[in-house]
Amino acid sequence: QVQLVESGGGLVQAGGSLRLSCAASGSIFNINGMAWYRQAPGKQRELVASVSSGGSTNYADSVKGRFTISRDNAKNTVSLQMNSLRPEDTALYYCNANIREIMRPRWNAYWGQGTQVTVSS
């Protein structure tokens, strides 16, 4: 089995910073892309940022220049540094990873349980 565990959410004032972390554990053979998504109340889940196994990154237009995604392949972790936070960044943030398990030929998408980020104005 594979688990993704997030940490680092919380309450912050507008203009502040938070750092989210996600650790993948279990019977992992390899990890391809890793990403952060978010979902605000009443809205669809949206991609915030992604990073490939080679380190290529992609960001939603709304967070470009403010958020930075990074990963540590040796530790199977992905982080999201969020600066200049705005009230509209308030959401439940989910970690996502495309993982191949040991002794299994297929790749599957796994999700964390979510961590709440609240930005007050």
Side-chain angles (χ1 to χ4, degrees):
Q1 280 191 336
V2 171
Q3 280 189 320
L4 299 182
V5 178
E6 300 124 334
S7 61
L11 173 64
V12 65
Q13 288 188 331
S17 298
L18 282 174
R19 185 177 180 84
L20 305 183
S21 295
C22 173
S25 63
S27 55
I28 298 170
F29 177 75
N30 203 356
I31 302 178
N32 195 350
M34 304 184 83
W36 288 94
Y37 286 74
R38 67 185 181 188
Q39 187 167 19
K43 294 188 177 181
Q44 288 188 333
R45 189 174 297 189
E46 64 174 354
L47 175 66
V48 176
S50 64
V51 57
S52 71
S53 57
S56 298
T57 58
N58 181 54
Y59 296 92
D61 287 343
S62 59
V63 307
K64 281 181 181 176
R66 300 187 297 123
F67 291 10
T68 302
I69 190 170
S70 60
R71 66 187 284 173
D72 186 330
N73 292 331
K75 296 181 178 179
N76 292 336
T77 59
V78 62
S79 298
L80 185 69
Q81 178 65 42
M82 305 184 293
N83 298 328
S84 302
L85 283 161
R86 304 167 180 168
E88 53 264 39
D89 294 318
T90 295
L92 193 58
Y93 283 70
Y94 296 92
C95 174
N96 166 269
N98 199 26
I99 296 174
R100 181 181 170 187
E101 292 184 65
I102 296 171
M103 300 299 289
R104 299 197 176 207
R106 300 181 65 177
W107 294 83
N108 292 293
Y110 291 88
W111 294 88
Q113 78 285 357
T115 185
Q116 179 67 39
V117 171
T118 303
V119 184
S120 63
S121 57

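Just so it is clear, the values below take in all heavy atoms, side chains as well, and ignore hydrogens, waters and symmetry mates. The first residue of the sequence shown is numbered 1, and numbering continues consecutively from there.
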Item to check | Shortest non-hydrogen contact from I31 toward A24 | outcome: CD1-CB, 4.1 Å
Checklist entry - Will you find, in the side chains of Q13 and S120, an N or O donor that is under 3.5 Å from an N or O acceptor? => result no
Checklist entry - Would W36 and N96 satisfy side chain to side chain contact (heavy atoms under 4.5 Å, CB included), going step by step from the backbone distance to the final call? => result CA-CA 6 Å; W36 288 94; N96 166 269; over 6 Å; no
Checklist entry - Side-chain contact, heavy-atom cut-off 4.5 Å: Q39 with Y93? => result no
Checklist entry - Tell me, do Q113 and L4 make a side-chain contact under 4.5 Å, heavy atoms counted? => result no
Next on the checklist: Do Y110 and Q1 make a side-chain contact, defined as non-hydrogen atoms from C-beta onward lying under 4.5 Å apart?
Outcome noted: no
Next on the checklist: Keeping Y59 on the side-chain end and I69 on the backbone end, is there a donor-acceptor pair under 3.5 Å?
Outcome noted: yes
Checklist entry - What's the shortest heavy-atom distance between S17 and N83, and which atoms? => result OG-OD1, 2.9 Å
Checklist entry - What class does the angle between the rings of Y94 and W111 fall in, given that below 30° is parallel, 30 to 60° is tilted and above 60° is perpendicular? => result perpendicular
Checklist entry - So, R71 side chain and V51 main chain: donor-acceptor pair closer than 3.5 Å or not? => result yes
Next on the checklist: Quick check: do N76 and I99 have side-chain heavy atoms less than 4.5 Å from each other?
Outcome noted: no
Checklist entry - Between E101 and V2, does a side chain to side chain contact (heavy atoms under 4.5 Å, CB included) hold up when you go through it step by step? => result CA-CA 8 Å; E101 292 184 65; V2 171; 3.6 Å; yes
Checklist entry - What pair of heavy atoms forms the shortest contact from V117 to G9, and how long is it? => result CG2-CA, 4.3 Å
Checklist entry - Is it the case that more than 12 heavy atoms not belonging to R104 sit under 6.0 Å from its CZ atom? => result no
Next on the checklist: Taking salt bridge (Lys or Arg N to Asp or Glu O under 4.0 Å) as the cut-off, I'd like each qualifying pair that reaches into residues 86-97, sequence neighbours left out, listed once.
Outcome noted: R38-D89, R66-D89
Checklist entry - Hey, are N108 and R106 close enough side-chain-wise for a donor-acceptor pair under 3.5 Å? => result no
Next on the checklist: Using side chain to side chain contact (heavy atoms under 4.5 Å, CB included), reason through M103 and F29 one step at a time and then give a plain yes or no.
Outcome noted: CA-CA 8 Å; M103 300 299 289; F29 177 75; over 6 Å; no
Item to check | Pair T77-D72, side-chain donor/acceptor within less than 3.5 Å | outcome: no
Checklist entry - Closest approach of A91 and A40, non-hydrogen atoms and distance? => result CB-N, 3.9 Å
Checklist entry - Checking side chain to side chain contact (heavy atoms under 4.5 Å, CB included) for the pair I28/I102: CA distance, chi angles, key distance, verdict? => result CA-CA 6 Å; I28 298 170; I102 296 171; 5.9 Å; no
Checklist entry - Within a strict 4.5 Å, meaning less than it, do heavy atoms of the S50 and T57 side chains meet? => result no
Checklist entry - Do N32 and W107 come close enough that some side-chain heavy atom pair is under 4.5 Å? => result yes
Checklist entry - Is there a side-chain contact between L20 and T115 (heavy atoms, below 4.5 Å)? => result yes
Next on the checklist: Using modelled atom types and a 3.5 Å cut-off, is there a donor and acceptor pairing between side-chain atoms of E6 and backbone atoms of G114?
Outcome noted: yes
Checklist entry - Is it true that a side-chain atom of S79 and a backbone atom of S70 form a donor plus acceptor pair closer than 3.5 Å? => result no
Checklist entry - Is the count of non-hydrogen atoms from other residues, nucleotides or ligands lying under 6.0 Å from Q3 atom CD greater than 12? => result no
Next on the checklist: I need the T90 OG1 to L85 CG distance, nearest 0.5 Å.
Outcome noted: 8.5 Å
Item to check | Rounded distance [0.5 Å steps], CZ in F67 versus CE in M82 | outcome: 5.5 Å
Item to check | Interatomic spacing from CZ in R19 to OG1 in T68 - rounded to 0.5 Å | outcome: 9.0 Å
Checklist entry - At what distance, to the nearest 0.5 angstrom, does CD of Q81 lie from OG of S21? => result 9.0 Å
Checklist outcome for this item: Closest non-hydrogen atoms of L18 and G8, given as atom of the first, atom of the second and distance, are CD2-O, 3.9 Å
Checklist outcome for this item: Between the OG atom in S62 and the CD atom in E46, the distance rounded to the nearest 0.5 Å is 5.5 Å
